[in-house]
Amino acid sequence: MQENIVAEKSGFQDIKAKKTKLKDIDKIAIKNAILDNSKVVVDETEFEDIKTLVKKQIIAESKEKKLITEVKALRSEVNTLKRENNVQKRELFEFKSLKNHLDIGK
């Protein structure tokens, strides 16, 4: 399991290290394929840049999904803690009222 995580992280680091710029995608020269005009031909290095950007996008979306899930869990935990805090505040108020009542009776 740990080996898989290390291998996955190194793969992410390789992708992260590749310097590709989104604005460069618009500069890619596209030529129609000779046999089929519905397909296009691009330079291999430009295609690698596109693949790298796609991989980065997939990784970013995956991280975003994980963060959204974590945010939902944390919100739920915050709400639970707020309810517990309100219960404890009421208990403390009742305790203080009882203590004041007992102090007055002395």
Show me the side-chain donor-acceptor pairs of residues 67-77 shorter than 3.5 Å, one per line, residues at least two apart or across chains.
{"from": "T69", "atom 1": "OG1", "to": "K65", "atom 2": "O", "distance (Å)": "2.9"}

Practice task
Using a cut-off of 6.0 Å, state whether more than 12 heavy atoms not belonging to E61 lie near its atom CD.
Solution key: yes
Problem - For N86, side chain to side chain contact (heavy atoms under 4.5 Å, CB included) partners two or more places apart - result: K89, R90
Fill in the blank from the handout: In this structure, CG of D43 is separated from CD of E48 (nearest 0.5 Å) by 10.0 Å
Problem - Derivation of the side chain to side chain donor-acceptor pair (under 3.5 Å) call for E84 and Q88 - result: CA-CA 6 Å; E84 290 176 6; Q88 289 177 350; 5.7 Å; no
